[in-house]
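Reviewing the structure listed below.
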Number of protein chains: 2
Amino acid sequence: MDAVVSTNAKPGAAARRSQLERRREAERRLLQAAERIVAERGLERFTLAEIGEAAGYSRGLPAHYFGSKEGLVGALATHIVSGFGRGAARAEKHPAGLERLLGVASYYFESAGRDPVRTRVLFAVLGEALTNEALRTRIGELNAHSVKPIADNIRAGIAAGDIRKSVNANATATLILSGLRGAVTQWLIDPKHIDLKTVRAEFIASLKRSLAP
Amino acid sequence: MDAVVSTNAKPGAAARRSQLERRREAERRLLQAAERIVAERGLERFTLAEIGEAAGYSRGLPAHYFGSKEGLVGALATHIVSGFGRGAARAEKHPAGLERLLGVASYYFESAGRDPVRTRVLFAVLGEALTNEALRTRIGELNAHSVKPIADNIRAGIAAGDIRKSVNANATATLILSGLRGAVTQWLIDPKHIDLKTVRAEFIASLKRSLAP
DNA sequence: AATAATTTGCTTGTCAGCCAACAAATAACA
DNA sequence: TGTTATTTGTTGGCTGACAAGCAAATTATT
């Protein structure tokens, strides 16, 4: 395999970089390669060696850095999950309330469409959490972090009179998150039969209806 | 490990059974054991040998029947998926329309609560479909079979005047299925923080609202 | 500045354990 | 006795893990 041809070629021959830079870049490239491969084949059907080589390094490096295969999967999960959280926070344009809630939902679909590889990995991790204790706790945190802003917006919407008073903020927020995840999962499994924009529009519409005062 | 102690002990010493019975039972027991183990550890982290022994047979039998590990996973997926389809069909008490639709949704939650092991396997398969071509086609069929009755009920409900005319039956049916799956997934990952009955009630309520004329 | 000493990053060699797959033997049934 | 079901023996390939070595960078010494 010609490891040289890569989306993000390594510097020519020389190019003095500090140890820290070397290390950081190597780690970044390893996770990036892992992302690509895991998006295609899932969290089990790969070898440490191929990740190393796909990243343009040796077969031994992943084990050297991450200690074990489990360690690599954990690092990847953290990487993806935290990256996703950061993106969501940035997307909050409207003041808290119904509008922002709808914006968050839209963002969910848009970011899935924009970066299907990363999204696929995120959802592979979510699926794996069903049967993997270590991931489950990480996902528990992600859930909490994801539900909270939704619930907050519901409460703000209720206070502002945009959302009817009888909705249970936390339960509904959980259900909204589930709905978002379910819809995106469907699209990832069967992108040919499901148009993401249509799904997004329907989702938003039904959300408005079920929250309307 | 004492394979004798099993939920469903093998007949004592003798007990004359036909070859067909022997074979059928063995296969049933193997799939049952696979179900238990996969529910705990996912679709990859098990060995053919342990399935055989957990079922009370030898380590070699799974490979003998299913040919390969992939074959076993495929058979398990088919088993689970088809079993689930059968159950859903039986639950149709009301005449087609909104009531039956709500019944189908309830059934989804109830069957998850009644048989969490099987449900966990189903959802592990759904998750695995993201990154496994072979499963993807099977799940594509399941999706079609699952969406159709929902969409039919929506159409019937519209005809009967229980559901407003402007809903797009197919798109909404897809979204409802996604919502069901998403909600059950959340519960499976984090059963301590999510009460299935509450989620079911909220789901049904919001369904009524968003379909109401 | 130059170079020696040391640390840190990365690669290559190696091995032990695991496990799927197949073949041959044995047991249950007809 | 013949046939089908099941078990046991065996093997060959894979791969995670670790250790030892080489290379690049940093620090210390002069």
Side-chain angles (χ1 to χ4, degrees), chain A residues 1-4 6 10-34 37-38 41-76 132 134, chain B residues 1-4 6 9-34 37-38 41-76 134:
Chain A
M1 323 291 177
D2 39 3
V4 174
S6 156
K10 275 199 289 187
R16 199 174 172 86
R17 292 171 304 160
S18 74
Q19 298 279 59
L20 197 68
E21 281 171 336
R22 266 160 57 104
R23 200 205 159 93
R24 274 211 188 339
E25 177 174 345
E27 202 158 327
R28 218 201 62 227
R29 292 168 71 88
L30 285 176
L31 284 174
Q32 200 171 295
I37 290 177
V38 165
R41 307 222 291 275
L43 289 161
E44 305 275 356
R45 305 181 142 206
F46 66 89
T47 68
L48 293 177
E50 71 182 323
I51 299 283
E53 279 159 8
Y57 292 89
S58 72
R59 61 182 174 70
L61 199 58
H64 184 63
Y65 278 2
F66 302 107
S68 65
K69 191 168 184 174
E70 205 185 333
L72 170 58
V73 168
L76 182 61
N132 180 330
Chain B
M1 317 294 184
D2 39 2
V4 174
S6 155
K10 272 200 293 186
R16 206 171 167 86
R17 292 168 304 160
S18 76
Q19 297 282 61
L20 197 68
E21 282 171 335
R22 262 159 58 99
R23 200 201 158 95
R24 275 214 188 338
E25 178 174 346
E27 201 158 329
R28 216 201 64 228
R29 293 167 71 86
L30 286 176
L31 284 174
Q32 201 170 296
I37 291 178
V38 166
R41 308 222 290 275
L43 288 161
E44 305 274 356
R45 306 182 141 204
F46 66 89
T47 69
L48 293 176
E50 71 182 321
I51 299 283
E53 278 159 10
Y57 292 89
S58 70
R59 59 185 173 71
L61 201 58
H64 183 65
Y65 277 0
F66 302 107
S68 66
K69 191 169 186 173
E70 205 186 333
L72 170 58
V73 169
L76 182 61

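Reminder, nothing fancy here: chain letters follow the sequence lines and each chain counts from 1.
The NZ atom of A:Lys69 sits 9.5 Å away from the CG atom of A:Leu43 when rounded to the nearest 0.5 Å. Within the model, atoms CD of B:Glu21 and CZ of B:Arg23 stand 14.0 Å from one another, a figure rounded to the nearest 0.5 Å. In this structure, CD in B:Glu25 is found 10.5 Å from CG in B:Leu30, a value given to the nearest 0.5 Å. In this structure, the separation between CD on A:Glu70 and CG on A:Asn132 is 7.0 Å, given to the nearest 0.5 Å. In this structure, B:Arg45 CZ and B:Ile37 CD1 are separated by 14.5 Å, a value rounded to the nearest 0.5 Å.
In the set D:dT7, C:dT11, D:dT3, the nucleotide with an atom closest to the side chain of B:Gln19 is D:dT3. Taking the side chain of B:Arg23 as heavy atoms from C-beta on, and the options C:dT11, D:dT7, D:dA5, the nearest nucleotide is D:dA5.
Atom P of nucleotide D:dA5 and atom CD of B:Glu27 are separated by 10 Å, given to the nearest angstrom. Between the P atom of C:dT8 and the CD atom of A:Glu21 lies a distance of 17 Å, rounded to the nearest Å. Note: OH (B:Tyr57) to C1' (C:dA28) measures 12 Å, nearest angstrom. Atom CD of B:Glu44 is separated from atom C1' of D:dG16 by 16 Å (rounded to the nearest Å).
Taking 4.0 angstrom as the limit, A:Arg22 places none of its side-chain polar atoms (N or O) nearer than this to OP1 or OP2 of C:dG9.
At least one side-chain heavy atom of A:Leu72 sits under 4.5 Å from a side-chain heavy atom of A:Phe46.
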* Structure fact -> B/S/- along nucleotides 19-25 of chain C (protein heavy atoms under 4.0 Å) is SSB----
